[in-house]
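Here's the structure, in structure tokens; my notes come after.
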2 protein chains.
Amino acid sequence: MSERIWTAGLVVIGDEILSGRTQDKNVAQIALWLNVQGIRLSEVRVVPDVQERIVEAVNAVRTGYDYCFTTGGIGPTHDDITVDAIAAALGVPVVVHPQARAVLEKHYETRGGLTEARLRMARVPEGADLIVNRMSGAPGIRIGNVLILAGVPSITAGMLDALTGTLEGGRPVVSGTLGCWVAESEIADLLRATEKAHAGVAIGSYPFFREGTTGANFVVRATDQSLVDACIADLTQRLAETGREVVAGGI
Amino acid sequence: MSERIWTAGLVVIGDEILSGRTQDKNVAQIALWLNVQGIRLSEVRVVPDVQERIVEAVNAVRTGYDYCFTTGGIGPTHDDITVDAIAAALGVPVVVHPQARAVLEKHYETRGGLTEARLRMARVPEGADLIVNRMSGAPGIRIGNVLILAGVPSITAGMLDALTGTLEGGRPVVSGTLGCWVAESEIADLLRATEKAHAGVAIGSYPFFREGTTGANFVVRATDQSLVDACIADLTQRLAETGREVVAGGI
């Protein structure tokens with residue numbers, strides 16, 4: 001099995017995210033899905049519905065990581081410019097994909113027919129394949145290492161489902177969590193020392209305040225379950241030695 | 001009043017967002033707050049807890065926009081490297097800010113005293129001012145056009161509250177919404193024509209599916225309320241002429 005770390009970047013396209021009107025759900029959804037594919041989400045950029053800004057972000061991400069995902073801007077309206085922008089980024093024309101056209105024709109057969117606006121959703125950068133979406137009909141688009149997904153999270157989920165297992169990736173990242181009723185500032189040195197003692201392991205510290213008491217969860221990540229288990233065991237012992245209550249699995 | 005458009009970019013610093021463990025809340029929170037300050041959020045980058053990646057993103061954003069906000073990575077633990085990274089980006093050393101030290105000394109007086117780890121939270125890039133936070137004690141940091149905020153959304157909110165009205169900005173963006181029980185693909189041309197007829201106005205189209213019926217909300221944005229009102233009136237009339245039910249204020 002390859003030890004190489006596979007990486008992805010995500011370009012979120014949407015004025016509605018930058019205006020604060022819509023709470024993004026796709027970053028977390030795609031991140032969790034990528035973990036299972038053995039690919040690490042390494043950067044996200046949120047850009048407005050402006051062609052040159054999309055082109056710039058897509059070119060930076062597709063050349064900087066193994067995969068470039070995008071979400072948003074593939075519907076039928078005038079503000080849906082993702083396909084045009086990505087075709088421009090890749091220097092290819094936009095064409096109507098025959099299979100996408102057939103899917104849409106069938107979908108709209110009993111819904112008023114395939115209008116000019118609806119046909120916009122069959123447009124792809126030349127040379128692209130479809131990400132056929134068993135759940136909602138609307139296909140995503142794949143061209144080279146660029147994967148073009150919908151913005152509506154439930155539709156994005158259907159496209160991710162269709163992509164599951166089709167991308168080359170490395171080892172999945174595994175993790176373990178433990179919680180402790182402690183202010184993180186009191187055990188910062190302990191955490192640093194524990195992480196240093198376990199090569200290949202990263203410890204994240206996530207404090208919270210509940211019912212007037214401070215606590216923190218510690219998430220241990222590695223590509224090897226035995227490394228995670230050894231670090232969790234060590235950290236549990238070190239925290240217990242300070243006299244605090246440690247909660248396996250997190251609080 | 002200036003007609004200039006004031007812009008900001010946001011760098012979200014955090015492995016926990018990229019791993020999918022934590023759902024970001026700060027993008028929407030900061031976007032909405034910026035709208036009220038008359039500043040437009042124009043780009044977001046989410047980067048991992050890796051110094052060179054933070055430096056790169058902060059330098060791109062602080063030189064590309066009027067303001068560069070950051071969230072995350074200013075706690076007391078080893079994975080909190082935001083201050084060091086931003087000092088490196090600006091080419092200045094890290095120093096202990098006397099006022100921040102005093103605030104922390106007072107805060108921890110009855111909580112075990114100011115340890116070395118806790119003192120990390122008083123470190124700032126040389127030349128920085130504090131964003132004094134009336135709500136939780138922990139200060140944010142302001143240096144030049146860079147504003148360094150916490151990652152925990154409730155603490156971020158306290159820092160934004162302290163910043164309210166202190167940044168130079170342009171006109172606030174105002175918006176109006178209307179809803180319609182229509183598939184957006186059926187009125188894509190109508191929307192495009194309406195936007196074109198109203199200079200200075202942007203129309204966003206946000207479809208939804210509820211109880212088996214498709215509908216969409218249309219958000220009209222401009223920096224002038226009279227432009228928004230005129231566009232809403234026009235769009236309402238055009239949609240009503242197609243025989244659909246239009247819902248003022250959105251569905």
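Keep in mind it's a predicted model, so treat the numbers as computed, not measured. Below, chains carry the letters A, B, ... as their sequence lines are ordered, and counting in each starts from 1.
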Ranked by heavy-atom pairs below 4.5 Å to chain A, first place among B:K25, B:R120, B:E43 goes to B:E43
If you tally heavy-atom pairs under 4.5 Å between each of B:S175, B:P76, B:A188 and chain A, the highest tally belongs to B:P76
Assert top hit (heavy-atom pairs under 4.5 Å, partner chain B, pool A:D80, A:T77, A:L34) equals A:T77
Cut-off 4.5 Å, heavy atoms of chain A, and the answer for B:Y206 is side chain
Exercise. Measure the shortest side-chain to side-chain distance between B:R244 and B:L239 over non-hydrogen atoms and say whether it is less than 4.5 angstrom.
Key: no
Interface check, chain A: of B:Q23, B:R40, B:R21, B:E16, most non-hydrogen pairs under 4.5 Å belong to B:R21
Under 4.5 Å to a heavy atom of chain A? For B:R221 that would be side chain
* Asked: Is there side-chain contact between B:L190 and B:T242, with heavy atoms separated by less than 4.5 Å?
  -> yes
Whatever's closer than 4.5 Å to a heavy atom in chain A on B:E116 counts as neither
Next item on the list: With the side chain counted from C-beta on, respond yes when B:R123 and B:V94 share a heavy-atom pair under 4.5 Å apart, and no when they do not.
Entry: yes
Of the listed B:S42, B:A28, B:G9, B:G204, the one with the largest count of heavy-atom pairs under 4.5 Å with chain A is B:S42
Greatest number of non-hydrogen atom pairs under 4.5 angstrom with chain B, of A:L41, A:L32, A:L18, A:V11, falls to A:L18
Item to complete: State whether the side chain of A:D66 and the backbone N or O of A:T7 hold a donor-acceptor pair below 3.5 Å, judged by distance alone.
Response: yes
| Does the side chain of B:C180 come within less than 4.5 Å of B:I187's, by heavy atoms? | no
The interface call for B:V12 against chain A, heavy-atom contacts under 4.5 Å, is neither
- Is the backbone N or O of B:G72 less than 3.5 Å from a side-chain atom of B:T82, with the two atoms forming a donor-acceptor pair by type? yes
Applying a strict 4.5 Å limit to non-hydrogen atoms, the region of B:A202 in contact with chain A is neither
| Can you find a pair of side-chain heavy atoms, one from A:D24 and one from A:V46, that are under 4.5 Å apart? | no
If one checks every heavy atom of B:T115 against chain A at 4.5 Å, the contacting part turns out to be side chain
Interface check, chain B: of A:S205, A:P48, A:A117, most non-hydrogen pairs under 4.5 Å belong to A:S205
Among A:G151, A:S185, A:A31, A:G14, the residue with the most heavy-atom pairs under 4.5 Å to chain B is A:S185
Max heavy-atom pairs within cutoff under 4.5 Å with chain B, candidates A:G20, A:P207, A:A57, goes to A:G20
Assert top hit (heavy-atom pairs under 4.5 Å, partner chain A, pool B:V152, B:V47, B:V219, B:V27) equals B:V219
In this structure, CD of A:E105 is separated from CZ of A:R101 (nearest 0.5 Å) by 5.0 Å
#### Entry: Whether B:D15 side chain and B:D49 backbone form a donor-acceptor pair below 3.5 Å
yes
Hey, are the side chains of B:L167 and B:Q37 touching, using non-hydrogen atoms and a 4.5 Å cut-off? no
Ranked by heavy-atom pairs below 4.5 Å to chain A, first place among B:E186, B:R118, B:M121 goes to B:R118
- Message: With a 4.5 Å cut-off on side-chain heavy atoms, are A:L191 and A:L235 touching?
- Response: yes
Bottom line for B:I17: the part with an atom under 4.5 Å from chain A's heavy atoms is both
